[in-house]
Chemist: 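Below is one structure. I have some questions about it.
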Amino acid sequence: MLKKIAVITVMLIMFTGILFASGKKETSSKEPSATKVSELLGAGATFPYPFYSKMFDVYHKKTGVKVNYQAIGSGGGIKQLLSKTVDFGGTDAFMKDADLAKADGKILHIPTCMGAVTITYNLQGLPALKFTPDIIAGIFLGDIVKWNDAKIQKVNSGVTLPDEKIVVAHRSDGSGTTAIFSDYLSKVSPQWKSRVGAGKSLNWPVGLGGKGNPGVAGIVKQTPGAIGYVELIYALQNNMPVGQVQNQSGNYITPSIEGVSLAANVELPADTRISITDTPAAKGYPISGFTWMIFYKEQNYGGRSLDRVKELLKLLWYAEHEGQQYAEPLHYAPLPAAAVKKAEVIINSVTFDGKPVEFDK
Amino acid sequence: MNKEIFSEKAFKLILKGTGIVIFMIPALLLVTLIVQSVPAVRAYGAGFIFRQTWDPVREIYGALPFLAGTLVTSFLALILAFPFSFSVALILSEYLKEGTAAAIVKSAVELLAGIPSVIYGFWGLLVLVPLIRKLELAAGIPPYGVSILAASIILAIMIIPYASTIAREVMSMIPPDIKEAAYSLGGTHWEVQRKVVIPTSYSGIFAGVLLALGRALGETMAVTMVIGNTNKLFSNIFEPGNTMASVIANEFTEAVSDLYLSSLIELGLLLFIVTALINFIGRLIIKRFEVKGAGE
């Protein structure tokens with residue numbers, strides 16, 4: 001008897017669980033069809049989060065539409081978009097063709113702002129240093145082990161470099177910063193490409209891992225002779241010493257917002273999916289990259305209403321135009337005009353039931 | 001059905017229900033871990049446990065550096081913590097039974113258990129790591145600071161209260177008659193501790209150790225902040241390393257490919273199994289002590 005009751009209770013608990021779960025789904029699919037759209041959902045990259053939250057905050061005050069962006073990481077953003085639980089995703093690395101093919105529907109990318117990766121270090125007296133691609137690859141591969149290596153000394157002739165061991169610091173968490181940095185190294189160093197490759201997490205030949213920009217910065221600050229890479233924003237906000245990096249044209253470029261924007265002065269593809277590391281632009285900083293918002297081209301899915309789609313497009317349009325003014329005060333590089341032009345075409349190509357969508361710009 | 005019988009039955013039912021739920025949680029957790037790690041198990045088989053490479057770019061995954069990191073940091077922490085937690089337990093149960101001093105020591109130990117792990121990690125990074133770095137500089141070893149050793153010391157401090165609290169409880173539960181009998185036979189304080197108190201509380205001491213070990217195996221935040229996060233097998237405790245919990249926490253959010261995610265989940269499964277295995281062995285040992293020690 002008791003056994004029976006126990007079994008029944010368990011079943012009841014499970015059943016209510018199922019009901020609850022399915023009930024939840026129903027409400028979320030109902031929500032978009034409400035006539036007044038007051039909230040849009042986004043998820044993804046943490047890198048542009050401060051910029052997005054400022055921009056979305058202003059947008060909320062202006063239009064009454066709240067944008068709930070969860071900075072769960074680029075990978076999470078892509079996953080959420082693929083499972084169609086958000087209106088848009090954010091990612092620091094554009095989706096590869098193979099990943100796009102897996103999606104149920106065509107996914108579009110628009111760039112929203114730009115960032116860069118800087119080389120920071122800890123040496124007595126903090127001399128200003130110059131780095132060639134060869135030196136950076138050599139240090140992070142573990143081939144260059146001392147600061148007074150002939151290669152480093154050659155391009156920094158005015159500086160007396162110590163006979164000190166180099167301690168490499170890198171990100172321990174999967175990150176877009178690592179993706180841009182390793183993408184750059186894979187382009188400039190065939191050795192790096194064959195031994196390590198590019199990705200958000202790597203099999204590092206040498207070095208210590210720190211979690212996030214603060215983790216890497218912490219190791220660099222604490223360890224004499226350390227070198228690491230952090231986001232430009234983080235370096236600027238914390239007044240960290242950053243090295244000049246030689247670009248493809250042979251110029252040594254100090255990492256700056258201007259240098260990053262200039263790096264995008266290249267021919268952009270129509271879908272804006274491009275890596276601009278190792279830029280051919282003469283004054284461009286070579287370790288720069290876009291961050292993107294991603295969304296479906298055909299917006300009539302999962303019971304979404306046309307009103308909701310219009311609100312989404314309005315927001316995307318805003319991010320490309322008025323929203324850009326909030327980038328620079330937060331140390332993000334705003335998009336160059338050519339990139340905005342491409343994004344406009346992409347936003348206008350969005351369809352609802354196969355028909356183009358008219359919305360207030 | 002009258003009211004009392006009904007409430008009796010309802011009460012029993014609730015107890016059974018909660019019991020089943022408690023059992024279901026780890027069971028379902030295990031099922032989830034197993035199901036999700038199937039792709040990785042298929043791809044790598046047993047080689048997963050013994051491979052030293054962790055390369056997300058080429059999708060080659062091996063758990064050995066993390067397995068070693070978890071086991072070495074946890075057991076080293078236990079070795080470091082044991083003398084302290086043991087003496088604290090003995091002091092609180094035998095010497096400082098009441099009074100302000102006892103209250104201070106007791107609450108200090110309890111406070112250790114209440115501090116969030118991120119605070120330990122922070123303290124480790126700002127105080128302990130520079131200290132170890134100085135030591136390494138003096139000894140002529142590469143001055144990383146962050147290392148297996150740093151993680152073990154932080155863990156040791158974190159687990160002291162777990163090991164000591166249970167040991168103390170058991171020690172203070174020893175019937176006074178037994179101790180008095182020993183004293184009346186002419187035993188000194190030290191002899192009574194050594195021959196009566198400690199042997200009688202073996203099982204409690206060991207249970208505390210087991211709980212502490214479980215805590216150390218799973219600790220993530222404090223470890224990841226001081227261990228150096230190097231996904232390679234370390235050759236000595238002054239080198240940086242990584243643990244299973246730490247690598248999962250670090251890489252889970254951006255693990256996009258299916259095999260990558262599955263490998264991380266298999267690491268989780270491995271951690272689950274290691275923890276369960278150690279618990280199981282521990283229980284066997286406790287059982288043996290109980291028979292020998294209690295003997296009432």
Chemist: Side chain of B:Lys232, backbone of A:Trp204: donor and acceptor closer than 3.5 Å?
Modeler: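 Present.
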Chemist: For the candidates B:Val247, B:Leu137, B:Val57, B:Thr224, which exhibits the highest count of non-hydrogen atom pairs separated by less than 4.5 Å from chain A?
Modeler: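 Looking at each of B:Val247, B:Leu137, B:Val57, B:Thr224 in turn, B:Val57 comes out on top.
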Chemist: For atom CG of A:Asp104, decide whether the heavy atoms of other residues, nucleotides or ligands shown that lie under 6.0 angstrom number more than 12.
Modeler: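 No - once you tally the heavy atoms of other residues, nucleotides and ligands closer than 6.0 Å, there are 12 at most.
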Chemist: Please walk me through it: do B:Arg133 and A:Gln222 pass side chain to side chain contact (heavy atoms under 4.5 Å, CB included)?
Modeler: CA-CA 9 Å; B:Arg133 191 174 293 128; A:Gln222 280 192 354; 3.3 Å; yes
Chemist: More than 12 non-hydrogen atoms from neighbouring residues, nucleotides or ligands closer than 6.0 Å to CZ on B:Phe272, yes or no?
Modeler: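 More than 12 heavy atoms, drawn from other residues, nucleotides or ligands, come within 6.0 Å of this atom.
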Chemist: Please say whether more than 12 non-hydrogen atoms of neighbouring residues, nucleotides or ligands are located less than 6.0 Å from NZ in B:Lys134.
Modeler: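 At most 12 heavy atoms, drawn from other residues, nucleotides or ligands, come within 6.0 Å of this atom.
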Chemist: Roughly how far apart are A:Lys211 NZ and B:Asn250 CG, rounded to 0.5 Å?
Modeler: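 Going from NZ on A:Lys211 over to CG on B:Asn250, the span is 5.0 Å.
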Chemist: Determine the minimum heavy-atom distance between B:Arg58 and A:Lys193, stating which atoms define it.
Modeler: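 For B:Arg58 versus A:Lys193, the nearest heavy atoms are NH2-O, 3.5 Å.
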Chemist: Could you go through the side chain to side chain contact (heavy atoms under 4.5 Å, CB included) check for A:Lys79 and B:Leu261 one step at a time?
Modeler: CA-CA 12 Å; A:Lys79 259 180 249 169; B:Leu261 197 62; 4.2 Å; yes
Chemist: Which region of A:Ala179, side chain (C-beta onward) or backbone (N, CA, C, O), has a non-hydrogen atom less than 4.5 Å from a non-hydrogen atom of chain B, or is it both or neither?
Modeler: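 Neither part, no heavy atoms under 4.5 Å.
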Chemist: Looking at A:Lys187, I want to see if its NZ is surrounded by more than 12 non-hydrogen atoms of other residues, nucleotides or ligands under 6.0 Å.
Modeler: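 More than 12 heavy atoms, drawn from other residues, nucleotides or ligands, come within 6.0 Å of this atom.
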Chemist: Please evaluate residues A:Val167 and B:Tyr144 with respect to the criterion side chain to side chain contact (heavy atoms under 4.5 Å, CB included), reporting the C-alpha separation (whole Å), side-chain torsions for both, the decisive distance (0.1 Å), and the verdict.
Modeler: CA-CA 8 Å; A:Val167 176; B:Tyr144 296 132; 3.8 Å; yes
Chemist: Go through A:Gly210, A:Gly199, A:Ser172 and name the one with the most non-hydrogen pairs under 4.5 angstrom from chain B.
Modeler: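 Of the candidates given, the most pairs with chain B belong to A:Ser172.
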Chemist: Heavy-atom distance under 4.5 Å to chain A: side chain of B:Ser257, backbone, both or neither?
Modeler: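 Neither part; nothing is under 4.5 Å.
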Chemist: Could you tell me whether A:Gln124 atom CD has more than 12 heavy atoms of other residues or ligands within 6.0 Å of it?
Modeler: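 Counting neighbours around CD of A:Gln124, 12 or fewer heavy atoms of other residues, nucleotides or ligands fall under 6.0 Å, so no.
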Chemist: Please look at B:Leu126 and chain A and tell me whether the side chain, the backbone, both or neither of the residue comes under 4.5 angstrom of a heavy atom of that chain.
Modeler: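 It is both, since atoms from each part get that close.
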Chemist: What distance separates B:Thr253 OG1 from A:Ile72 CD1, expressed to the nearest 0.5 Å?
Modeler: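 Output value for this atom pair is 9.0 Å.
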Chemist: Is there a side-chain contact between B:Pro142 and A:Lys165, using heavy atoms and a 4.5 Å cut-off?
Modeler: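 When only atoms from C-beta onward are counted, A:Lys165 and B:Pro142 do touch, with a gap below 4.5 Å.
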Chemist: Looking only at heavy atoms and a cut-off of under 4.5 Å, which of A:Ala169, A:Gly207, A:Gly174 has the most pairs with chain B?
Modeler: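 So the answer, after comparing A:Ala169, A:Gly207, A:Gly174, is A:Gly174.
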Chemist: Quick one: closest heavy-atom pair of A:Asn203 and B:Thr53, and the distance?
Modeler: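 Distance-wise, the nearest heavy atoms are ND2-CG2, 3.5 Å.
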Chemist: Looking only at heavy atoms and a cut-off of under 4.5 Å, which of A:Val206, A:Ile219, A:Val196, A:Leu202 has the most pairs with chain B?
Modeler: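 The candidate making the most pairs under 4.5 Å is A:Val196.
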Chemist: Decide side chain to side chain contact (heavy atoms under 4.5 Å, CB included) for A:Ser74 and B:Glu254; before the verdict, give the C-alpha distance in whole Å, the side-chain angles of both, and the deciding distance to 0.1 Å.
Modeler: CA-CA 7 Å; A:Ser74 300; B:Glu254 292 289 343; 3.6 Å; yes
Chemist: Which one wins on heavy-atom pair count under 4.5 Å against chain B: A:Gly73, A:Gly215, A:Ser201, A:Ser182?
Modeler: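 Answer, by heavy-atom pair count under 4.5 Å with chain B: A:Ser201.
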Chemist: Can you tell me if B:Phe252 has over 12 outside heavy atoms packed within less than 6.0 Å of its CZ?
Modeler: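 At most 12 heavy atoms, drawn from other residues, nucleotides or ligands, come within 6.0 Å of this atom.
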Chemist: Counting neighbours of CG on B:Asp258 that are heavy atoms of other residues, nucleotides or ligands and sit closer than 6.0 Å, is the number greater than 12?
Modeler: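 Not buried by this count: 12 neighbours or fewer within 6.0 Å.
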